[in-house]
Amino acid sequence: RVAARAGRFDESISRGNQVSKKPTEQRVFADNLREAMTAAGVTQEGLARAVGVTLSTVSRWYRGLNKPDLDKLDRIAEALGTQASELVRK
């Protein structure tokens, strides 16, 4: 009985992995953020100072683990010389 449940669990993980390959909003933002930071020559530390957040917060955005609040998004765009819409476009 436990083995049967474990098999269903493994199947659900497999199916979940297939679904998770679709880019999330956080992943899209992270990709656009990295591109904009490179173009602007801004480091994670520099962005953290400009936006008024910690380096670990910027790191989470950069790695696609989190995305900023809307008020921070405008500050990020300003610091990078771009539009907020460019940071969230797919």
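Quick note: residue numbers are just sequence positions, from 1.
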From CA spacing to verdict: side chain to side chain contact (heavy atoms under 4.5 Å, CB included), Leu33, Leu80: CA-CA 9 Å; Leu33 177 65; Leu80 298 177; 3.8 Å; yes

Donor + acceptor pair across side chains of Thr57, Thr54 (<3.5 Å): yes

Mind checking the NZ-CG spacing from Lys72 to Leu70? Nearest 0.5 Å is all I need. 10.5 Å

Distance, nearest 0.5 Å, that separates CZ of Phe29 from CD1 of Ile76: 4.0 Å

Less than 4.0 Å between a side-chain N and a carboxylate O, is that true for Arg89 and Glu86? yes

What is the distance from atom OG1 of Thr43 to atom CZ of Arg49, rounded to the nearest 0.5 Å? 6.0 Å

Under the 3.5 angstrom rule, does the side chain of Arg34 hit a backbone N or O of Tyr62 as a donor-acceptor pair? yes

Beyond-backbone contact of Arg60 with Gln26, side-chain heavy atoms, under 4.5 angstrom: no

What I want to check is whether the side chains of Arg63 and Ser59 have a donor and an acceptor closer together than 3.5 Å. yes

As a quick check of understanding, evaluate side chain to side chain contact (heavy atoms under 4.5 Å, CB included) for Val51 and Trp61, giving each step before the final call. CA-CA 13 Å; Val51 176; Trp61 297 338; 4.3 Å; yes

Backbone N or O of Pro23 within a donor-acceptor pair of the Arg27 side chain at under 3.5 Å? no

Report the C-alpha separation of Val28 and Val88 in whole Å, then their side-chain angles, then the decisive distance to 0.1 Å, and conclude whether the side chain to side chain contact (heavy atoms under 4.5 Å, CB included) test is met. CA-CA 7 Å; Val28 168; Val88 296; over 6 Å; no

Approximate separation, where rounding is to 0.5 Å, of Met37 CE and Asn32 CG: 13.0 Å

